[in-house]
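Following: one structure in structure tokens, then a few remarks.
In what follows, every chain begins at residue 1, and chains take the letters A, B, ... in the order their sequences are listed. Just so it is clear, the values below take in all heavy atoms, side chains as well, and ignore hydrogens, waters and symmetry mates.
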2 protein chains.
Amino acid sequence: MAKPGPRKALRKQSRSDSTREQIVRAAIETLKRDGFAGTSARAIAATGGFNQALVFYHFGTVNELLLTALDRTSEERMARYREVVEGAASLGELVDAALRIYREDLESGHIKVLAEVIAGSSSVPGLGEQIVARMEPWVRFTEDTFHRVLAGSPFEGLIPPEQLARATVALYLGLEIITHLDGDRTHATQLFETAGRLATLVAPIFKSVGLQERRDS
Amino acid sequence: MAKPGPRKALRKQSRSDSTREQIVRAAIETLKRDGFAGTSARAIAATGGFNQALVFYHFGTVNELLLTALDRTSEERMARYREVVEGAASLGELVDAALRIYREDLESGHIKVLAEVIAGSSSVPGLGEQIVARMEPWVRFTEDTFHRVLAGSPFEGLIPPEQLARATVALYLGLEIITHLDGDRTHATQLFETAGRLATLVAPIFKSVGLQERRDS
DNA sequence: GTCTATACTTGGATAGAC
DNA sequence: GTCTATCCAAGTATAGAC
């Protein structure tokens with residue numbers, strides 16, 4: 001059962017040019033370009049310009065590598081979400097922030113990576129659960145944001161923030177997947193615009209969102 | 001370029017036990033059970049108990065068969081959507097109908113088929129567009145429904161039904177995909193329950209939905 | 001840690017007998 | 001229209017030299 005390769009805990013360097021790093025980056029790039037089905041050990045190696053056998057030496061299996069790749073982009077995007085959303089002071093700005101994130105996610109290819117891993121999840125037992133686990137921080141983050149927005153409004157206590165958050169994440173995922181399917185982002189963009197208009201209309205019902213910045217971790 | 005196999009237009013029978021039919025059903029079953037990656041011509045043939053070469057004789061390529069399979073389930077589900085939604089007379093009943101459809105879609109495996117084909121779409125050029133095209137009828141159907149619901153309410157002219165419909169379809173797709181990922185439908189079910197409660201609250205703003213049954217096709 | 005070479009497996013697709 | 005047999009390409013994974 002025990003896989004070969006270096007243990008994560010024992011690694012000395014986490015320099016960005018370590019071989020592991022190169023492999024993870026090549027995996028992400030290949031996922032974006034060729035999709036889950038096209039992301040074989042050989043293809044990843046070709047992308048990164050290293051030997052195919054290294055994938056197995058460092059990660060044991062291709063799937064393990066792909067999960068690591070998903071971790072990587074998820075972390076990076078989460079940091080960005082916090083940054084953008086915490087800068088939003090009003091409901092309208094929040095919708096603007098969401099649009100900005102939507103576009104960035106699309107362009108950075110992050111959602112493509114997510115979608116591809118979701119795509120492949122049915123052929124790999126246990127992968128589905130791990131993907132959901134990685135989406136959970138987004139749910140909690142969105143929930144916190146809605147909690148702030150709803151506080152003091154007539155809707156407080158009427159709409160559970162967690163459910164609103166889960167719906168938002170699902171809507172977001174669905175939108176990105178559909179956009180990514182036909183490559184046409186006009187529908188989604190129009191949606192955000194309408195949401196923006198509605199937000200300014202209902203804004204008086206809500207207090208200003210403010211940036212409740214976290215001072216600690 | 002010209003593929004072998006019988007031309008669709010020339011087929012005499014569309015009996016449910018024709019070979020084509022058997023193959024399509026076996027493809028759907030295999031997609032549900034093994035996912036896109038596991039749905040090879042050999043696997044489909046094993047599921048249906050026929051010869052692998054028949055897939056290529058009748059459909060030319062595996063992808064062509066999968067598209068046909070998607071067509072099949074899409075048509076079947078669309079018929080069911082009409083049936084259930086047209087029986088809903090109030091906003092609350094509409095939400096109930098949506099919950100019922102959600103559960104049926106999940107259990108029938110239809111969304112699994114859709115999700116799997118979406119999953120594989122990045123490895124097959126042009127597949128994405130064809131999937132989107134097959135979702136378009138759902139958008140129009142949802143749009144019609146919202147049109148009826150919004151008519152006469154204060155929101156008419158404020159919320160474009162088409163955008164609401166696209167958002168709904170995206171939300172629905174996202175919900176099914178996430179549910180399907182972790183196999184836990186409690187979150188989604190709770191969401192529908194909350195939506196139901198909110199619907200009864202806001203119902204007075206809307207007129208009764210009624211069944212505006214179509215008498216023609 | 002990295003490379004070459006290779007064993008093994010699965011899958012798409014076709015030829016040709018029936 | 002269906003079957004057997006087969007070719008060929010691509011992928012995972014490992015052994016072993018360096």
Side-chain angles (χ1 to χ4, degrees), chain A residues 1-8 10-15 17-24 26-27 30-31 33-67 116 119-120 122-125 127, chain B residues 1-8 10-15 17-24 26-27 30-31 33-69 116 119-120 122-125 127:
Chain A
M1 250 352 139
K3 289 281 166 191
R7 323 290 300 281
K8 223 176 185 176
L10 295 183
R11 266 186 306 132
K12 292 166 197 167
Q13 59 170 5
S14 53
R15 277 195 303 132
D17 57 342
S18 73
T19 302
R20 266 186 79 96
E21 263 304 306
Q22 271 185 272
I23 298 177
V24 171
T30 311
L31 269 176
R33 199 188 48 232
D34 304 330
F36 183 87
T39 303
S40 62
R42 289 197 214 285
I44 295 168
T47 302
F50 47 80
N51 194 282
Q52 176 252 124
L54 286 181
V55 167
F56 301 98
Y57 177 76
H58 285 281
F59 295 91
T61 67
V62 175
N63 283 320
E64 202 55 41
L65 166 57
L66 295 190
L67 263 182
E116 290 304 331
S122 30
S123 36
V124 185
L127 188 52
Chain B
M1 240 8 130
K3 288 282 165 192
R7 322 289 298 282
K8 222 176 185 176
L10 296 183
R11 266 186 305 132
K12 294 166 194 168
Q13 57 171 6
S14 54
R15 278 194 303 133
D17 58 341
S18 73
T19 302
R20 266 186 79 96
E21 262 306 305
Q22 271 185 272
I23 298 176
V24 170
T30 311
L31 268 177
R33 200 188 49 232
D34 303 330
F36 182 86
T39 303
S40 62
R42 283 157 156 69
I44 296 168
T47 301
F50 47 80
N51 193 283
Q52 176 251 126
L54 287 181
V55 168
F56 301 99
Y57 177 75
H58 285 281
F59 296 90
T61 66
V62 175
N63 283 321
E64 202 55 41
L65 166 57
L66 296 190
L67 263 182
T68 309
E116 290 304 332
S122 32
S123 36
V124 185
L127 187 52

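Counting non-hydrogen atoms under 4.0 angstrom, B:Ala41 reaches the backbone sugars and phosphates but no base. Across all strands shown, B:Val62 has heavy atoms under 4.0 Å from sugar-phosphate atoms exclusively, and none from any base.
You'll find the side chain of B:Phe50 stays beyond 4.5 Å of the side chain of B:Thr19, heavy atoms only. Counting only heavy atoms from C-beta outward, the side chains of A:Leu66 and A:Val62 approach each other to under 4.5 Å.
Comparing D:dG1, C:dT2, C:dA13 by their closest approach to the side chain of A:Leu54 singles out C:dT2.
If you take CG of A:Asn51 and P of C:dT4, they are 6 Å apart, rounded to a whole angstrom. With rounding to whole Å, B:Ile44 atom CD1 is found 11 Å from C:dA13 atom P. Here the P atom of nucleotide D:dG11 and the CZ atom of A:Phe36 are 13 Å apart, to the nearest Å. Separating the CG atom of B:Leu66 from the C1' atom of C:dG11 is a distance of 13 Å, rounded to the nearest angstrom. Whole-Å rounding puts the A:Phe56 CZ to D:dT14 C1' distance at 9 Å. Atom-to-atom, CG of A:Leu65 to C1' of D:dT12 comes out at 13 Å; the value is rounded to the nearest Å. One can place OH of A:Tyr57 at 14 Å from C1' of D:dC18, the figure rounded to the nearest angstrom. In this entry the distance linking CZ of A:Phe50 with C1' of C:dC3 reads 14 Å, nearest Å.
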Would you tabulate the pairs of protein nitrogen or oxygen atoms and nucleotide nitrogen or oxygen atoms of nucleotides 6-10 of chain D closer than 3.5 angstrom?
none

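Recorded end-axis angle for the helix from C:dG1-D:dC18 to C:dC18-D:dG1 stands at 0°, based on five pairs per end and rounded to 10 degrees.
The distance from the CZ atom of A:Arg20 to the OH atom of A:Tyr57 is 11.0 Å, given to the nearest 0.5 Å. For the atom pair OG1 of B:Thr68 and CD of B:Glu21, the computed distance is 10.5 Å after rounding to the nearest 0.5 Å.
The two atoms that bring A:Glu64 and A:Phe59 nearest to each other are CB-O, 3.3 Å, heavy atoms only. Listed here is the closest heavy atom pair of A:Phe56 and A:Thr61: CD2-CA, 4.5 Å.
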Only pairs under 3.5 Å count here: list side-chain donor-acceptor contacts from residues 33-46 of chain B, not counting sequence neighbours, and write none if there are none.
residue : atom : partner : partner atom : Å
B:Arg33 : NH2  : B:Thr47 : OG1          : 3.0
B:Thr39 : OG1  : B:Gly35 : O            : 2.6
B:Ser40 : OG   : B:Ala43 : N            : 3.1

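Close to D:dG1, at under 4.0 Å from its OP1 or OP2, lies no side-chain N or O of B:Thr19.
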